[in-house]
There are 2 protein chains.
Amino acid sequence: MLTERQLFLLRALVDDYISTAEPVGSRAIAKREDVNYSPATIRNDLADLEEMGFLEKTHTSSGRIPSEKGYRFYVDHLVSPVLLTAREMQSIKKAFTDMYYEVEKVIQETAKIMSDFTNYTAIAMGPELNDTKLKHIQIIQLNAEKAIMIIVTDTGHVESRTISLPKKVSARDIEKLINILNQKLKNVPVFQLKTKIEKEIKKVLNKHIENYEQILSILDEALSYHPLDQIYYGGKNNILAQPEFRDVDKFLPLLNALEEKETIYELLRSPSSGINIKIGHENNLVAIKDCSVITASYSMGGEHMGTVAVIGPTRMAYPRVITLMEVISRKLTHLLTELY
Amino acid sequence: MLTERQLFLLRALVDDYISTAEPVGSRAIAKREDVNYSPATIRNDLADLEEMGFLEKTHTSSGRIPSEKGYRFYVDHLVSPVLLTAREMQSIKKAFTDMYYEVEKVIQETAKIMSDFTNYTAIAMGPELNDTKLKHIQIIQLNAEKAIMIIVTDTGHVESRTISLPKKVSARDIEKLINILNQKLKNVPVFQLKTKIEKEIKKVLNKHIENYEQILSILDEALSYHPLDQIYYGGKNNILAQPEFRDVDKFLPLLNALEEKETIYELLRSPSSGINIKIGHENNLVAIKDCSVITASYSMGGEHMGTVAVIGPTRMAYPRVITLMEVISRKLTHLLTELY
DNA sequence: GTTAGCACTCTGGTTTAATGAGTGCTAATT
DNA sequence: AATTAGCACTCATTAAACCAGAGTGCTAAC
């Protein structure tokens with residue numbers, strides 16, 4: 001069990017290390033005005049904290065730095081809530097009101113805002129199409145072989161695909177097809193489209209259109225949604241300003257990982273809602289073993305829509321980022337819900 | 001005027017420096033099997049070349065490296081064409097045949113290919129909409145205030161914008177509007193849409209639709225095209241592997257410049273067609289003063305469509321990259337022309 | 001339980017010296 | 001007249017040596 005003083009010292013040390021990025025020694029802590037213990041006393045406690053695994057030393061006679069376990073404890077029990085200044089709140093508010101109307105643009109812009117306010121790298125994912133509903137479907141023929149299929153959802157998301165038409169489809173058939181699809185599929189949740197087509201549309205089409213099978217198979221393929229297209233970054237290179245990433249070998253894997261949207265997608269798919277914090281190895285991704293990831297989910301009219309995240313060194317300004325993420329996910333949710 | 005031997009030595013030195021990244025001394029050149037001059041002779045010529053501004057020294061007693069003027073001369077007069085291996089050609093061909101059908105995807109993929117084959121950073125821009133023609137325009141109402149406007153071009157490009165509807169527009173009016181627009185604007189080059197609307201459509205609309213002015217103003221804004229959305233990267237971090245960019249201060253401005261699409265757009269808007277090479281300061285952008293940019297334009301059915309580029313250190317493997325760019329822009333043009 | 005004192009450890013920066021690659025110049029050679 | 005050998009000199013790089021400073025752990029005193 002940790003004593004009051006140990007708790008206090010652990011917090012003080014982590015706070016200090018977060019802001020200086022230098023190992024913290026007993027003397028440095030003792031010098032703080034709110035501390036009345038002598039360096040020696042502090043040393044004893046720090047030694048205990050180290051023994052318990054909350055702290056580490058970079059070498060035998062260095063000051064101490066928090067271990068991952070230390071950060072975890074700090075995040076779970078010691079973060080004191082930080083208030084943003086009125087100025088900052090104002091500035092965030094402004095950023096969110098000046099925005100475009102398109103959902104994608106909003107998400108994209110949010111990533112920028114997050115990175116600007118945290119000075120870390122921000123990632124925004126989504127919107128996921130899960131529960132959005134089909135608003136309109138359209139096929140526009142380009143030439144004898146090719147056509148564009150466009151799908152619009154009720155959230156204003158537009159997906160388009162080029163499809164190659166089977167040989168024996170007439171313009172009339174396509175028109176019929178569109179009419180049927182729109183009639184039957186309007187307001188169907190996007191993720192149900194495929195099964196719905198399979199179950200209900202097939203028969204109807206059969207009656208009206210020749211060659212419907214080939215069209216359907218293409219439709220089917222065209223309906224697969226790529227969530228990887230919906231990943232936006234802000235301040236991608238901010239991480240390079242952090243002293244722990246001075247070395248090329250340190251940040252190159254990280255930068256490369258950021259480029260792999262698959263990896264990022266897996267990393268951020270947040271299991272729970274609300275704020276989520278993963279520290280270092282908790283992320284299960286070697287490239288970011290020295291980073292922490294803080295995610296927050298946002299929604300739209302109560303439906304979970306996507307995730308925003310900030311990625312920084314494990315020595316991250318947790319308190320600030322946490323409050324910031326809370327504010328931003330709230331604002332984002334609010335804005336999106338209001339928009340549609 | 002340069003003597004034969006000086007020409008030869010300049011080429012040899014640049015070649016050598018390109019592959020080793022180390023200043024090249026007289027002895028190193030003398031050792032080459034195709035060289036029969038003594039180091040002293042070579043030294044004299046190198047001194048002359050330096051005096052003429054083609055070479056530089058990193059310090060008084062170092063070997064020499066090419067100056068920008070040296071690279072320029074090398075590129076203009078000394079590059080010996082390089083042949084790609086059959087294997088490589090095969091591999092490029094394969095990459096281009098495995099591709100998606102969408103133009104955007106093709107461009108995107110091309111950036112990847114270029115970076116993979118050069119190990120530098122690749123950028124692909126376009127397609128520019130200049131001469132593509134409108135195929136279809138559509139407005140889909142989402143709710144009382146919002147609608148999506150979708151524009152499809154004959155190259156299969158889809159642009160969509162969210163627009164907010166004026167209060168007093170009925171669904172019927174919108175339908176009318178779309179019909180008129182499609183009727184009048186089909187096959188009009190995209191860049192003429194605005195003026196065409198201004199000149200011809202206004203009157204027609206006036207007759208049929210109330211409140212047409214508000215709609216038009218929105219339409220007008222929605223029609224502005226953002227070429228910045230059409231910039232794709234490949235191997236963004238490849239540049240970090242180059243020894244000249246070991247230092248954070250060296251590559252950070254570069255990486256940041258890459259993130260600014262405005263900047264990149266200005267940088268790559270190639271004036272001429274064909275292959276274009278800009279060396280170091282010729283680029284007029286401090287962030288890439290130590291880089292060279294090789295651009296190539298591609299087209300579609302004879303119409304210029306966009307630009308692809310490779311950006312690497314001034315010490316770039318020019319011969320190889322040049323041939324590679326030629327091959328790729330040809331393949332790309334071919335593929336796109338065939339697709340539509 | 002807390003603190004002062006002290007010996008000990010390790011880092012980081014600075015100095016010194018040695019090595020080696022490369023040059024420019026002069027004089028000899030072809 | 002052009003080329004080359006020889007040599008003194010320069011500068012960067014590396015390793016070793018050294019020193020100062022920050023910090024610890026431990027013991028003994030408070």
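Chain identifiers are assigned alphabetically (A, B, ...) following the order of the sequence lines, protein sequences preceding nucleic acid strands; residue numbering begins at 1 within each chain. On a predicted model such as this, the values are computed, not experimentally measured, just so you know.
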A.B. asks: In this structure, is the centre-to-centre distance between the rings of A:Phe245 and A:Tyr120 below 6.0 Å?
C.D. replies: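 Not under 6.0 Å, so no.
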A.B. asks: What pairs with B:Lys261 under side chain to side chain contact (heavy atoms under 4.5 Å, CB included), at least two apart in sequence or on another chain?
C.D. replies: B:Leu228, B:Ile231, B:Tyr233
A.B. asks: Does either side chain, that of B:Asp15 or that of B:Tyr74, offer a donor lying less than 3.5 Å from an acceptor on the other one?
C.D. replies: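 A pair is found: one side chain offers a donor N or O, the other an acceptor, under 3.5 Å apart.
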A.B. asks: If you check every side-chain atom of B:Ser26, which of C:dT3, C:dT23, C:dG24 has the closest atom?
C.D. replies: C:dT23
A.B. asks: Reckon B:Ser62 has a side-chain N or O less than 4.0 Å from the OP1 or OP2 of C:dG22?
C.D. replies: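 No, outside the criterion.
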A.B. asks: Return whichever of A:Ala28 or B:Asn44 has its heavy-atom-nearest nucleotide of DNA chain D closer to the 5' end.
C.D. replies: B:Asn44
A.B. asks: Would you check, one step at a time, whether the test salt bridge (Lys or Arg N to Asp or Glu O under 4.0 Å) holds for B:Asp116 with B:Lys112?
C.D. replies: CA-CA 6 Å; B:Asp116 285 349; B:Lys112 278 250 162 345; over 6 Å; no
A.B. asks: Mind calculating the distance between CD (B:Glu56) and P (C:dT23) to the nearest angstrom?
C.D. replies: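 About 15 Å, once rounded to whole Å.
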A.B. asks: Take atom CG of A:Leu9 and atom C1' of C:dT2, then tell me their distance rounded to the nearest Å.
C.D. replies: 13 Å
A.B. asks: So which protein nitrogen or oxygen atoms get under 3.5 Å of nucleotides 5-9 of chain C's nitrogens or oxygens?
C.D. replies:
unit_1: C:dG5; atom_1: O6; unit_2: A:Arg43; atom_2: NH2; d: 3.3
unit_1: C:dT9; atom_1: O3'; unit_2: A:Thr60; atom_2: OG1; d: 3.0
unit_1: C:dT9; atom_1: O2; unit_2: A:Ser61; atom_2: OG; d: 2.5

A.B. asks: To the nearest angstrom, how far is B:Arg64 atom CZ from C:dA21 atom C1'?
C.D. replies: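 It works out to 13 Å between those atoms.
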A.B. asks: So with a 6.0 Å cut-off around CZ of B:Arg5, is the heavy-atom count from everything else above 12?
C.D. replies: yes
A.B. asks: May I have the distance from A:Ile65 (atom CD1) to D:dT24 (atom C1'), rounded to whole angstrom?
C.D. replies: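 My rounded result for the distance is 16 Å.
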A.B. asks: Report the nucleotide, chosen from C:dG24, D:dG25, D:dT4, that has the shortest atom-to-atom distance to any side-chain atom of B:Thr41.
C.D. replies: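 Closest of the options to the side chain of B:Thr41: D:dT4.
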A.B. asks: Are B:Lys57 and C:dG24 close enough that a side-chain N or O sits under 4.0 Å from OP1 or OP2?
C.D. replies: yes
A.B. asks: What pairs meet the side-chain hydrogen bond (donor to acceptor under 3.5 Å, both in side chains) rule with one or both residues in residues 313-326 of chain B, with sequence neighbours excluded?
C.D. replies: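 Applying side-chain hydrogen bond (donor to acceptor under 3.5 Å, both in side chains) to every pair that reaches into residues 313-326 of chain B, excluding sequence neighbours, yields B:Glu88-B:Arg320, B:Gln242-B:Arg315, B:Glu244-B:Arg315, B:Ser292-B:Tyr318.
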A.B. asks: What distance separates B:Ile311 CD1 from B:Thr295 OG1, expressed to the nearest 0.5 Å?
C.D. replies: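 Between B:Ile311 CD1 and B:Thr295 OG1, I get 11.0 Å after rounding to 0.5 Å.
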A.B. asks: When you measure from the side-chain N and O atoms of B:Arg5 to the phosphate of D:dA2, is any distance below 4.0 Å, counting only OP1 and OP2?
C.D. replies: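 Negative; the distance criterion is not met.
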A.B. asks: Starting the side chain at C-beta, find the nucleotide from D:dT4, C:dT2, C:dG24 nearest to B:Tyr37.
C.D. replies: D:dT4
A.B. asks: Grab the CD-P distance between A:Glu4 and C:dG1 for me, whole Å please.
C.D. replies: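 Those two atoms, CD and P, are 16 Å apart.
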A.B. asks: Write down the distance between CZ (B:Arg27) and P (D:dA5), rounded to a whole number of angstrom.
C.D. replies: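 To the nearest whole Å, that distance equals 13 Å.
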A.B. asks: Atom CG of B:Asp48 to atom C1' of C:dC25: distance rounded to whole Å?
C.D. replies: 14 Å
A.B. asks: Measure from CD on B:Glu22 to P on D:dC11 and round the result to the nearest Å.
C.D. replies: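 Computing the B:Glu22:CD to D:dC11:P distance gives 19 Å.
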